[in-house]
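All values below were derived from every heavy atom in this structure, side-chain atoms included, with hydrogens, water molecules and symmetry-related copies excluded.
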Amino acid sequence: MAVDKNMNVLIVDDYKTMLRIIRNLLRQLGFENVEEATDGTMAFEKMKDGNFGLVISDWNMEPMTGIELLRKVRADDKFKHTPFIMVTAESKSENVIAAKEAGVSNYIVKPFNADTLKSKMVSVLGEF
């Protein structure tokens, strides 16, 4: 099945610069319908109001972290199958394991470029 590049993508990070970088990378990959949230609480509220085909979330945020958001998303029948990519500056194996156990679709360690983001998205969504 072809990936719909018109799908809504929700990006979550408490650093505006990182939101801008991810938005620009997604634009390079042909994804223009991008919404932003600055923490997990805001992201979950946006998910209730929108139809997102992918969530890309930072791990380290306050007050709701990315892993807490992931657990909340996976516990909700409406969102439990929504593709979810976790972004973090740390590649600690215990974090990767915790994210996998929480149901993450894939995992990206900062810094990353458009090629890395695309390969992670392809593994989650399929070729585009």
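Between the Arg74 side chain and the Lys80 main chain, a donor and an acceptor come within less than 3.5 Å of each other.
Val124 pairs in a side-chain contact (heavy atoms from CB on, under 4.5 Å) with only one of the listed residues (Val3, Val104, Ile85, Ile56), which is Ile85. Just one of Val73, Ile67, Thr65 meets the side-chain contact (heavy atoms from CB on, under 4.5 Å) condition when paired with Leu69; it is Val73. The only member of Glu36, Met42, Lys46 that meets side-chain contact (heavy atoms from CB on, under 4.5 Å) when paired with Leu10 is Lys46.
Linking ILVMFWY side-chain heavy atoms closer than 4.5 Å, directly or via other members, places Phe52 and Leu29 in two distinct hydrophobic clusters.
Distance CD1/Ile21 to CG/Asn24: 8.0 Å, rounded to 0.5 Å. Taking NZ of Lys118 as the reference point, atom CG of Leu25 lies at 13.0 Å (rounded to 0.5 Å). For the atom pair Ile108 CD1 and Ser119 OG, the distance stands at 7.5 Å (nearest 0.5 Å). Expressed to the nearest 0.5 Å, how far CE of Met86 lies from CG of Asn95 amounts to 9.0 Å.
By the ring pair (Phe, Tyr, Trp, His ring centres under 6.0 Å) test, Phe79 is found to be paired with Phe44, residues two or more places apart in sequence or in another chain being considered. Applying the side chain to side chain contact (heavy atoms under 4.5 Å, CB included) rule to Thr88 yields the partners Trp59, Asn60, Glu90, Tyr107; only residues at least two apart in sequence or on another chain are considered. Partners of Asp14 by side chain to side chain contact (heavy atoms under 4.5 Å, CB included), not counting sequence neighbours, listed by chain and number: Asp58, Met61. Pro63 is linked by a side chain to side chain contact (heavy atoms under 4.5 Å, CB included) to Asp39, Thr41, counting only residues two or more places apart in sequence or in another chain. A search for ring pair (Phe, Tyr, Trp, His ring centres under 6.0 Å) contacts involving Phe128 returns Phe31, not counting sequence neighbours. Residues that satisfy the side chain to side chain contact (heavy atoms under 4.5 Å, CB included) test with Ser123, not counting sequence neighbours, are Asn106.
Proximity of Leu70 to Ser57: side-chain heavy atoms (C-beta onward) are nowhere separated by under 4.5 Å. Contact of the Val34 side chain with the Leu19 side chain is not registered, since no non-hydrogen atoms from C-beta on lie closer than 4.5 Å. In this structure, Leu117 and Gln28 have side chains that are not in contact, with every pair of non-hydrogen atoms separated by 4.5 Å or more. Side-chain contact between Met7 and Leu54: present, with at least one pair of heavy atoms (C-beta onward) separated by less than 4.5 Å. With a 4.5 Å cut-off on side-chain heavy atoms, Val9 and Ile22 do not count as touching.
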Intermediate values then yes/no, side chain to side chain contact (heavy atoms under 4.5 Å, CB included), Arg23 and Ile11: CA-CA 8 Å; Arg23 177 185 286 276; Ile11 56 175; 4.1 Å; yes

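A salt bridge does not link Arg71 to Glu68: none of the charged nitrogens lies less than 4.0 Å from a carboxylate oxygen.
No more than 12 heavy atoms of other residues, nucleotides or ligands shown are found within 6.0 angstrom of CG on Asn51.
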